[in-house]
Amino acid sequence: MKKQLITSALPCVNGLPHLGHMVGCFLPSDVYARWLRQKGAEVLYICGTDEHGTTSEIAAAKEGVSVEDYCQTYHDLHAKIYKGFNLSFDYFGRSSSDQNKEITYRIFHALDANGFIKEKTTQQVYSPDDGRYLPDSYVIGTCPYCGYDRAKGDQCENCTKVLDPVDLINPKSALSGSTHIEIRETKHLFLELPKLEKELEEWIETKKGIWPDIAYSIAKKWLKEGLQERSITRDLKWGFSVPKEGLEDKVFYVWFDAPIGYIGITKQWADEQPTERSWEDWWLKPEDVTYTEFMGKDNIPFHTISFPATLCGTRENWKQVDFLKGMNYLNFAGGKFSKSAHRGIFADDALTEFPADYWRYWLIANAPETGDSMFSFEHFATTINKDLNDVLGNFINRVLKMTTHHFGAVIPAMGPTTAHETELYQTLDTLVQNYIHLMDRLELRKAMSTLREIWVSGNNYIAKTEPWKVVKTDPAYAGTILATALHLIRLFAELNRPIMPETADKMLAILNLKPEPVWTVKPMSSYLTELPAHSSFNPSDPLFQKISPERVQELKLKYKEVEA
RNA sequence: CGCGGGGUAGAGCAGUCCGGUAGCUUGCCAGGCUCAUAACCUGGAGGUCGUGAGGUUCAAAUCCCACCCCCGCAACCA
């Protein structure tokens with residue numbers, strides 16, 4: 001297997017992630033990274049905070065701290081939350097790192113040398129009282145079309161007309177409220193995307209039917225409309241200063257250096273152990289690497305057009321994305337997620353309510369793969385109660401209790417098997433193959449539905465063999481049944497591992513086992529018979545707890561979920 | 001006519017590319033079991049597949065056309 005490079009979209013350092021962000025890129029990428037590692041692949045899983053841009057500058061000013069301190073604080077906060085969700089990044093870096101600066105400059109110089117960078121004079125809004133240029137959306141005024149008096153300079157929220165800041169009547173700064181607004185001419189650099197359009201189109205065409213529809217169709221849409229020269233610099237202080245004569249007081253636009261951050265962060269990782277790690281092995285030897293990107297749909301244009309074009313224009317042999325897992329949005333039944341309005345579930349709050357594995361399972365099982373999906377506490381509670389408690393948790397519990405009661409806390413000896421076991425082996429051989437196939441293809445919801453079927457097959461086996469009866473007449477066969485069931489706990493643990501790592505470890509710990517670094521599927525006839533007889537296990541309390549209807553009501557109130 | 005996605009049992013979804021008896025989960029009803037977290041297993045009821053007595057076809061959820069409705073995005077808010 002080739003080396004597996006995995007990246008999750010870099011979260012903006014401002015603002016904390018909510019469930020939509022978790023399911024949009026972090027959790028699916030983590031599940032995939034864990035899955036591939038478990039299969040024995042050499043994986044490098046990269047993420048980090050995206051720190052540049054106007055928003056960081058302004059937010060830092062509001063908190064009265066330097067932008068460097070602000071970003072450090074929030075970077076650490078992000079890292080802590082992701083750790084709480086058990087995201088297994090090999091490195092969680094920063095787009096503002098020196099390493100990223102170095103790579104960004106290298107790429108910029110190559111693009112410039114190859115004639116893909118163009119200098120143009122543009123008109124920008126300047127606010128003398130704020131002492132800075134204003135992004136379009138930071139200029140507010142009266143919409144010339146509908147008269148709405150709080151229209152933003154990029155678009156009127158009331159009539160949805162797309163605007164230019166100069167169109168606004170009585171424009172003022174959204175920061176200071178100052179009405180003293182100037183239009184200044186300023187030089188900026190543009191990436192000449194039209195020159196690369198044909199190459200991009202040919203490349204995207206090779207992804208038809210391979211990438212998720214949403215990724216392919218969004219890329220095609222941009223190409224169909226024709227690419228435009230895209231500005232890669234901004235009049236800001238916070239960012240990488242532009243290494244070109246006459247432009248040193250400007251910085252690169254966040255969308256230029258953020259995707260390059262995947263590479264820069266890889267170098268941060270490599271620099272920690274320079275003798276053993278090489279970032280070039282991952283990014284400049286494309287034939288050795290399979291690269292999978294994860295992101296929400298808003299990120300797709302930048303990862304299918306701008307970033308590939310950026311790499312392509314260097315004429316160096318950069319690794320381009322092989323598979324792009326684009327996700328739709330997870331919405332909240334109570335309306336848009338809003339931290340300030342305390343509406344919706346943010347990642348830090350989520351962990352105070354339930355263990356990470358509850359969220360991980362629900363979010364992956366309900367991932368918005370084909371369309372936007374909705375989070376509601378009702379649905380969450382039903383899934384957790386039914387799938388995790390009744391089907392999986394109860395299976396483990398009934399097997400452990402029954403075995404302990406009749407045989408003590410040891411794995412009973414495995415005797416001759418019957419048609420029941422043969423049927424179980426056949427069912428599971430098929431289901432496990434399906435599960436592997438779906439996980440490999442990143443069809444997460446279908447994979448979870450198959451995983452559930454696998455758990456159900458355990459309960460089904462117990463129901464058919466009725467060990468509580470058999471033990472009275474044929475204790476040896478009852479031992480075989482329960483030994484088989486204990487083996488199932490190990491199987492389930494291995495299959496659960498990418499999704500619910502903590503639970504999987506607990507399940508293995510019950511059997512006094514440790515996760516095997518590499519798990520390879522074997523025929524069930526051998527996999528479900530190989531644990532040594534009479535080895536002890538640890539009876540455990542139920543692994544999951546149910547969520548009561550009262551608790552659901554409390555949560556709905558607390559997070560402002562309204563009735564549908 | 002801005003762009004994209006969607007409208008399939010009460011709810012949440014699959015099936016649509018490559019037309020051929022409408023599937024899954026949950027909820028509901030009944031039965032089995034009583035080892036287990038009042039859990040588990042089995043069976044059943046429930047859908048004119050958004051609308052058009054539209055087009056193509058022996059056959060349409062699936063292909064074509066028109067229309068309606070919902071969600072998201074609109075390139076300096078990551």
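Below, chain A is the first sequence line, B the second, and so on; all start at residue 1.
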*Counting just side-chain N and O atoms, does A:Thr370 come under 4.0 Å of either OP1 or OP2 of B:C13?*
no
*Give each stem of RNA chain B as a range with a range, requiring at least 3 consecutive Watson-Crick or G-U wobble pairs whose two distances are under 3.5 Å.*
B:2-7 with B:68-73, B:10-13 with B:23-26, B:28-32 with B:40-44, B:50-52 with B:65-67
_When you measure from the side-chain N and O atoms of A:Asn460 to the phosphate of B:C40, is any distance below 4.0 Å, counting only OP1 and OP2?_
no
*Side-chain donor-acceptor pair under 3.5 Å between A:Thr104 and A:Asp257, yes or no?*
no
_Contacting residues from residues 47-57 of chain A, given that a heavy atom lies under 4.0 angstrom of RNA chain B_ = A:Asp50, A:Thr55
*Please report the C-alpha distance between A:Trp455 and A:Asn496 in whole Å, then the side-chain angles of each, then the deciding distance to 0.1 Å, and finally whether the side-chain hydrogen bond (donor to acceptor under 3.5 Å, both in side chains) criterion is met.*
CA-CA 10 Å; A:Trp455 299 337; A:Asn496 293 347; 3.2 Å; yes
*May I ask you to decide whether A:Glu192 forms a salt bridge with A:Arg230, counting only side-chain N to carboxylate O separations under 4.0 Å?*
no
*Any side-chain N or O of A:Tyr329 under 4.0 Å from OP1/OP2 of B:G6?*
no
_Listed nucleotide nearest any side-chain atom of A:Lys469, set B:G15, B:A36, B:C33_ = B:C33
*Ignoring backbone atoms, establish whether A:Arg452 has a side-chain N or O less than 4.0 Å from OP1 or OP2 of B:U26.*
yes
*If only side-chain N and O atoms of A:Arg445 are considered, is one of them under 4.0 Å from the OP1 or OP2 phosphate oxygen of B:A14?*
yes
_OP1 or OP2 of B:U37 under 4.0 Å from side-chain N/O of A:Lys401_ = yes
*On RNA chain B, nearest-nucleotide positions of A:Ser373 versus A:Asp390: which is more 5'?*
A:Ser373
_B:G12 versus B:G6 - spacing of their C1' atoms, nearest Å_ = 14 Å
_I need the minimum non-hydrogen distance between A:Asp130 and A:Ser173, along with the two atoms involved._
OD2-OG, 2.6 Å
*Residue-phosphate contact under 4.0 Å: A:Asn397 side-chain N/O, B:U37 OP1/OP2*: yes
*asked:* Using the side-chain heavy atoms of A:Glu466, tell me which of these nucleotides is nearest: B:A36, B:U37, B:C33.
replied: B:C33
